K.L.:
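This is the structure, below, for whatever I ask next.
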Amino acid sequence: MNGDEQLLRGRVYGAEHDDPDPGPKPGRTYAELVGGPLDGLLLDIHGWRSEEVDDGAALTTELSRWPGGRALYDPRSGELRAPGPGVTCRFYYTSDTP
């Protein structure tokens with residue numbers, strides 16, 4: 001694991017690098033990002049409709065194949081979701097896009 005990857009583990013995607021508490025907040029719902037450049041981050045999906053969760057996410061990152069591009073993450077079909085709050089599902093890395 002390189003230094004960038006260690007810096008990201010346990011953080012919420014989009015948290016500022018100098019945030020003293022970049023981790024999950026009580027009462028919020030998260031998807032764990034698995035694989036790819038954002039592996040180990042949590043994505044805040046609080047308030048997302050089921051259909052939105054099913055669609056996954058295209059997340060801007062400087063760590064993708066194309067810096068400033070997007071890393072694509074999707075849930076696995078048929079994988080169960082836990083009732084929220086907390087980490088309720090996983091999004092798996094599928095590819096990068098410019």
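Note that these values count all heavy atoms, side chains included, but never hydrogens, waters or copies made by symmetry. In this text the structure is predicted, and so the values were computed from the model without any measurement. We're numbering straight along the sequence, starting at 1.
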K.L.:
Measuring from Arg11:CZ to Asp21:CG, what's the distance to the nearest 0.5 Å?
P.N.:
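The CG atom of Asp21 is 10.0 Å from CZ of Arg11, to the nearest 0.5 Å.
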K.L.:
How many angstroms lie between atom OH of Tyr30 and atom CG of Asp44, to the nearest 0.5 angstrom?
P.N.:
5.0 Å
K.L.:
For residues 83-92, tabulate all N or O donor-acceptor pairs below 3.5 Å that involve a side-chain atom, not counting sequence neighbours.
P.N.:
{"residue": "Arg90", "atom": "NE", "partner": "Glu32", "partner atom": "OE1", "Å": "3.3"}
{"residue": "Tyr92", "atom": "OH", "partner": "Glu79", "partner atom": "OE1", "Å": "2.9"}
{"residue": "Tyr92", "atom": "OH", "partner": "Glu79", "partner atom": "OE2", "Å": "3.4"}

K.L.:
Looking at every heavy atom in both Tyr73 and Gly35, which two are closest together, and how far apart are they?
P.N.:
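That closest heavy-atom pairing would be OH-O, 2.7 Å.
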K.L.:
Mind checking whether Pro37 and Asp96 have side chains closer than 4.5 Å, heavy atoms only?
P.N.:
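Answer yes - side chains close enough.
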K.L.:
Mind checking the CZ-OG1 spacing from Arg70 to Thr61? Nearest 0.5 Å is all I need.
P.N.:
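Those atoms lie 11.0 Å apart.
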K.L.:
Do the side chains of Val12 and Leu43 get nearer than 4.5 Å, heavy atoms only?
P.N.:
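A side-chain contact is absent here, since even the closest heavy-atom pair is not under 4.5 Å.
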K.L.:
Check Pro75 against Arg81 and note the closest heavy-atom contact, atom names and distance.
P.N.:
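Heavy-atom minimum between the residues: CG-NH2, 4.4 Å.
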K.L.:
Mind checking the CD1-OH spacing from Ile45 to Tyr13? Nearest 0.5 Å is all I need.
P.N.:
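One finds 14.5 Å between CD1 of Ile45 and OH of Tyr13.
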K.L.:
Mind listing the closest non-hydrogen atom pair of Thr60 and Gly68 along with its distance?
P.N.:
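So the minimum-distance heavy-atom pair works out to CG2-O, 3.9 Å.
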K.L.:
Are side-chain heavy atoms of Leu72 and Thr97 found at a separation under 4.5 Å?
P.N.:
yes
K.L.:
CZ of Arg65: more than 12 outside heavy atoms within 6.0 angstrom?
P.N.:
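No, because the 6.0 Å sphere around CZ of Arg65 holds 12 heavy atoms or fewer from other groups.
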K.L.:
As an exercise, state the distance from CG of Asp39 to CG of Leu33, rounded to the nearest 0.5 Å.
P.N.:
8.0 Å
K.L.:
Report the distance from atom OG1 of Thr94 to atom CG of Asp74, rounding to the nearest 0.5 Å.
P.N.:
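Reported to 0.5 Å precision, the distance equals 4.5 Å.
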K.L.:
Salt-bridge test for Arg49 and Asp55: reply yes if a basic N is under 4.0 Å from a carboxylate O, no otherwise.
P.N.:
no
K.L.:
Can Val34 be reached from Tyr93 by stepping across I, L, V, M, F, W or Y side chains whose heavy atoms are under 4.5 Å apart?
P.N.:
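No, because Tyr93 and Val34 fall into different hydrophobic clusters, even though each may have its own neighbours under 4.5 Å.
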